[in-house]
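As structure tokens, the structure follows; a few thoughts come after it.
Each chain gets a letter, A, B and so on, in the order its sequence line appears, and its residues count up from 1. Keep in mind it's a predicted model, so treat the numbers as computed, not measured.
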Protein chains: 2
Amino acid sequence: MHFPRTRTHTSWDRGLAPIAELAPGQELTVETVEASGGQLSASAVAADVARMDFARVNPVTGPFALPQARPGDALVVEILEMSLGEWGWTACIPGFGLLAEDFPSAHLRISKIADGHAELLPGLRVPVLPMLGTIGVAPPEAGPHGMVPPRRWGGNMDIRQLGPGARLVLPVGVDGALLSLGDAHAAMGDGEVAGTGVETDAVVRLRVDLVQGAAPRSPLLETDARAQRTGRALATTGIGPDLMVATRDAVRALVDEIARRTGLAPEDAYLLASVAADLKISEVVDVPNWVVTAHLSVDLLS
Amino acid sequence: MHFPRTRTHTSWDRGLAPIAELAPGQELTVETVEASGGQLSASAVAADVARMDFARVNPVTGPFALPQARPGDALVVEILEMSLGEWGWTACIPGFGLLAEDFPSAHLRISKIADGHAELLPGLRVPVLPMLGTIGVAPPEAGPHGMVPPRRWGGNMDIRQLGPGARLVLPVGVDGALLSLGDAHAAMGDGEVAGTGVETDAVVRLRVDLVQGAAPRSPLLETDARAQRTGRALATTGIGPDLMVATRDAVRALVDEIARRTGLAPEDAYLLASVAADLKISEVVDVPNWVVTAHLSVDLLS
């Protein structure tokens with residue numbers, strides 16, 4: 001099953017008609033379009049950024065229905081492979097980004113993507129680490145809901161480690177789940193501070209599965225070994241408008257997962273997190289919700 | 001020059017008499033005592049944690065004066081080597097830690113430290129990554145100042161990457177600088193969420209140097225290659241009571257450093273940070289000040 005990057009939508013909405021039905025265990029290949037939705041090209045200039053229509057940004061391909069999925073189930077998505085476009089864009093967008101007040105003007109760089117690097121400027125080659133900025137399911141509340149903020153249902157989480165080899169667990173909010181994905185990056189730092197990574201087209205091969213009644217409180221993932229100092233890691237999320245609350249939520253979720261998987265007492269799970277888990281600010285630009293992740297090597301969970 | 005772990009103090013104070021004078025470029029060996037200051041032993045139990053006198057915690061060895069240092073200079077400290085004690089402690093301390101409300105009772109685990117691992121519980125072996133929780137200089141304001149919160153002058157920053165191979169740059173606040181260090185950890189996660197790592201005695205070999213008039217706005221460091229997914233990295237800090245402000249401060253400092261070291265325009269430095277720098281919550285427990293760090297591979301700075 002192969003889905004072209006023309007089958008996109010630009011808001012989350014439980015009322016959208018699915019573009020296909022998937023069975024648990026199914027593999028599919030999904031083309032995604034870069035985050036401007038075709039408004040920027042490889043020859044774009046800063047003035048094109050200033051002219052962008054925000055209603056068209058961050059398109060996602062989908063939605064895909066899993067007819068058996070029910071609210072309260074867990075949707076498991078394995079990212080098997082990503083191939084990227086030959087160019088990407090990175091911009092300061094006026095009014096957007098962590099330091100929007102310091103950088104009020106539009107600014108744009110086009111990277112050539114080749115040989116495992118994105119060349120942001122002549123000679124400045126950033127290692128490619130492909131990832132999906134946006135992947136999520138339809139919220140249960142009637143839509144439309146904007147594409148920019150991530151939510152309990154995933155979406156624009158911009159978690160750097162969500163690339164090939166990662167396994168994401170999302171809570172299902174509506175019958176059929178309604179999965180969509182997009183916003184691929186050739187490279188992005190934890191935080192995505194200017195609001196953009198190296199934004200590019202991608203072809204994503206993934207596998208979906210379903211676990212009845214296992215919805216996590218907030219999305220969680222297992223990351224590829226190459227994405228972390230510690231090798232493969234379990235990562236939990238805290239998503240919301242307050243970084244401290246998001247930090248507490250991510251750590252609470254990690255403590256719960258450690259206790260559940262290992263049988264450790266909660267107090268010992270908390271101590272293990274204190275000595276071995278890493279806290280990352282995964283995104284701090286997708287207004288109004290930020291994402292904090294807590295990562296623990298899976299070696300410590302066995 | 002070798003200094004025993006009996007030469008400690010438990011508050012920052014510009015009025016303290018230095019225990020030794022150092023010359024720029026000098027190497028020294030400093031013993032540090034674990035963070036309870038001798039109140040806990042390898043046979044301690046949870047009740048001993050509840051009885052701890054907080055006025056005695058987090059002792060640092062020092063202060064060391066560099067007679068030539070003046071306010072506005074940069075003090076450069078290279079951590080050359082750390083050897084650790086044979087045991088360490090990790091605790092929930094009532095009223096302390098990110099989830100203090102969830103974990104109101106004292107809880108204690110003693111780890112055996114051997115063969116590159118700290119054994120937090122029987123069979124649960126956490127890889128050792130030695131680091132210094134506390135290193136700083138005297139604040140210019142008359143003291144005493146408590147040991148728990150980090151400040152612009154360093155102190156209890158609890159930055160996981162501040163171990164052997166790291167190079168720390170601190171602003172000098174008073175004549176002579178008055179450097180002190182302590183609070184070694186055999187292992188700690190970014191965040192130190194329960195408020196403690198694997199707290200242990202250490203012997204630290206370090207080299208100090210001075211750069212006239214080069215005080216950073218906030219401490220910055222270069223981390224050892226082994227501490228990061230990206231290899232050796234430059235890390236800037238944001239220190240304060242609001243995570244969002246600390247995040248902005250760390251990113252602003254990184255953008256400034258990138259621009260200064262590479263000659264990139266600030267806008268391009270900001271884009272480089274967005275696609276390649278990682279944001280970590282280094283500590284979120286040392287009330288009332290948290291530390292956010294922004295890390296960029298030094299390969300991207302040359």
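Note that CG of L98(B) is 7.5 Å distant from CG of L279(A), once rounded to the nearest 0.5 Å.
Annotation: residues 109-125 of chain A contacts chain B through R109(A), L120(A), L121(A), L124(A), R125(A) [non-hydrogen atoms, separation under 4.5 Å]. Scanning residues 288-302 of chain A against chain B with a 4.5 Å non-hydrogen threshold yields W290(A), V292(A), L300(A), sorted by number. By a heavy-atom distance cut of under 4.5 Å, L264(B), P266(B), E267(B), D268(B), Y270(B), L271(B), L272(B), A273(B) are the residues of residues 264-273 of chain B near chain A, going up by number.
Using a 4.5 Å heavy-atom threshold, the side chains of V284(B) and M244(A) count as touching.
For A186(A), no part lies near chain B; criterion is any non-hydrogen pair under 4.5 Å. At a 4.5 Å heavy-atom cutoff, the contact between A277(B) and chain A is made by backbone atoms alone. At a 4.5 Å heavy-atom cutoff, the contact between V255(B) and chain A is made by side-chain atoms alone.
What you find for A194(B) and S274(A) is that their closest heavy atoms are N-OG, 3.0 Å.
Taking a 6.0 Å sphere around CZ of R167(B), one finds it holds 12 or fewer heavy atoms contributed by other residues, nucleotides or ligands. In R226(A), the CZ atom is not crowded: 12 or fewer heavy atoms of neighbouring residues, nucleotides or ligands sit closer than 6.0 Å.
Applying the side chain to side chain donor-acceptor pair (under 3.5 Å) test to residues at least two apart or on different chains, the pairs with a partner in residues 238-253 of chain B are D102(A)-R252(B).
With chain A as partner, the option from V126(B), L99(B), V251(B), L243(B) having the largest number of non-hydrogen pairs under 4.5 angstrom is L99(B). Interface check for chain A: of the options K280(B), M188(B), E192(B), the most heavy-atom pairs under 4.5 Å are formed by M188(B).
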